[in-house]
Protein chains: 2
Amino acid sequence: MTERPYHHGHLRDALLAEAERTLREQGAEQLSLRDLARQAGVSHAAPRRHFADRQALLDALAGAGFARLADEVAAAVTAAGPDFRARLRATGVAYVRFATTDPALMELMFAAKIAGGDEELAAGAGRLFITVGELISEGQRTGQLPAGDPERLRLLFMATARGIAGIVTPGQPGAGQADGLIDDVVALFTAGGR
Amino acid sequence: MTERPYHHGHLRDALLAEAERTLREQGAEQLSLRDLARQAGVSHAAPRRHFADRQALLDALAGAGFARLADEVAAAVTAAGPDFRARLRATGVAYVRFATTDPALMELMFAAKIAGGDEELAAGAGRLFITVGELISEGQRTGQLPAGDPERLRLLFMATARGIAGIVTPGQPGAGQADGLIDDVVALFTAGGR
DNA sequence: ACCTGAACACCGTTCAAGT
DNA sequence: ACCTGAACACCGTTCAAGT
């Protein structure tokens, strides 16, 4: 290996990748800019060029998290096939799986100040909203979800899925039952249709 | 006013009260043991006698929060009168009101490691579980909620209410619609009954 | 344009000592 | 039993200076 060059080259990405790992393994509390800098082999002041402050790094993580969850939901919906209830269930299960794998990131995302904050964060959250929103509209179009304001129904479904995903954190009573609760939610939502 | 005595007398309570206020006004991030000690007029090491570390203080806050939410839910259910749907709605609205008044505390409570952690925390959470659990059982007894495992239905309702309460934080899209979403939840849950 | 090094004002936690 | 004061090992943030 050669000497580390003065310019890191991928510092922003390196910091984000390491931060994501620390967040997953240790939680948000343990996330320190100085520590990330140390692990990237740069001075403690270097991250400042890429993140205005600690909150900016957290917002970037949340934004990337939303984008990833949107992708995973979209993939799960596609993989679930044409049956609407299966597609709705797949969405909920994708939430739960995400929260299981990355509880601290999930918390960060849904506690983040989305409106009027970081641009990347709003964009990531927007992608998730649109992805879920399309599915909700599909259900209403085919009569498998109750009629009414689609935005409101989307909001209700996302809040519910997030609430269920919230119980998978270790130390929460009822973790492990989350997938079953998603089944119940799908039954409740689709029972009101047609 | 006399000289401050060497022994504070109510230090634990004073720290908790001040911490609750700071949590409400500034969020959990801003909560510092040294700052609380300063505001109580004691040395920075004094809180150690009452809270083993910062996390212990946060757990105590979460425990008290759960106890208070349980009280507020119980009061709201009573005030709602005999109609079951009104009682269920009152429970959800109490969640939303609590989250509106104290978003940071709500987050702290539901992110807290309930099992195997602080005793007071588990006790407070337990009170809320029991309070909501009794209402759910009532609804099943009177046929206004779907039959099935009451623990599971309680878990589902609490997760849903928590998810909806989670959107009232400023910066979340859809805050302000929370009470309406509670109405929708009540309709969904009770539609499955009898 | 990107990074360093020193400096400032904080933290949480520990522990011998005081009342 | 409860609190103090000094000490230790950290933070985030700022800024002149270096490459």
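No experiment lies behind these values; they were computed from the predicted model shown. Below, chain A is the first sequence line, B the second, and so on; all start at residue 1.
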Residue-level proximity of residues 21-35 of chain B to DNA chain C when a heavy atom falls under 4.0 Å: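 Result for residues 21-35 of chain B: L31(B), S32(B), L33(B), R34(B), sorted by number.
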What parts of residues 9-19 of chain B reach DNA chain C, counting only heavy atoms under 4.0 Å away?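 Contacts with DNA chain C under 4.0 Å: none.
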Is a side-chain donor or acceptor of [X] paired with a backbone partner of [Y] at a separation under 3.5 angstrom?
X	Y	answer
R54(B)	L31(B)	yes
R162(B)	A159(A)	no
Q30(B)	L23(B)	no
H7(B)	G9(B)	no
E120(B)	A64(B)	no
R87(B)	G81(B)	yes
E20(B)	L105(B)	no

Please give, in whole Å, the distance from dC10(D) C1' to H44(B) NE2?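 Rounded to whole Å, this separation is 14 Å.
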Using whole Å, what does the distance between atom C1' of nucleotide dC3(D) and atom NE2 of H7(B) come to?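 The distance from NE2 of H7(B) to C1' of dC3(D) comes to 6 Å, rounded to the nearest Å.
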Would you mind listing every side chain to side chain donor-acceptor pair (under 3.5 Å) that reaches into residues 74-86 of chain B, with sequence neighbours excluded?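 Qualifying pairs, neighbours excluded: R85(B)-T190(B).
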May I ask you to evaluate whether R38(B) reaches the phosphate of dC11(C), defined as a side-chain N or O under 4.0 Å from OP1 or OP2?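 So the side chain of R38(B) is within the cut-off, an N or O lying under 4.0 Å from OP1 or OP2 of dC11(C).
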Could you check whether K113(A) pairs with D118(A) (Lys NZ or Arg NE/NH1/NH2 to Asp/Glu carboxylate O, under 4.0 Å)?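 Between D118(A) and K113(A) there is no salt bridge, as every charged N stays at least 4.0 Å from the carboxylate O atoms.
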Interatomic spacing from CZ in R34(A) to CG in L36(A) - rounded to 0.5 Å: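 R34(A) atom CZ to L36(A) atom CG measures 12.5 Å (nearest 0.5 Å).
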List the residues meeting side chain to side chain donor-acceptor pair (under 3.5 Å) with D35(B), not counting sequence neighbours, and say none if there are none.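 Testing D35(B) for side chain to side chain donor-acceptor pair (under 3.5 Å), a comparison that skips the adjacent residues, returns R38(B).
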Trace of the side chain to side chain contact (heavy atoms under 4.5 Å, CB included) decision for L128(B) with Y95(B): CA-CA 11 Å; L128(B) 179 62; Y95(B) 264 69; 3.6 Å; yes
Scan residues 48-56 of chain B against DNA chain D and write down, sorted by residue number, each residue with any heavy atom closer than 4.0 Å; if none is found, say none.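 DNA chain D contact set from residues 48-56 of chain B: R49(B), H50(B).
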Does DNA chain C take part in any stems of at least 3 consecutive Watson-Crick or G-U pairs (both distances under 3.5 Å), and if so, which ones?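 Output for stems: C:4-8 with D:12-16, C:12-16 with D:4-8.
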Residue E119(B) excluded, over 12 heavy atoms near CD under 6.0 Å: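 Counting neighbours around CD of E119(B), 12 or fewer heavy atoms of other residues, nucleotides or ligands fall under 6.0 Å, so no.
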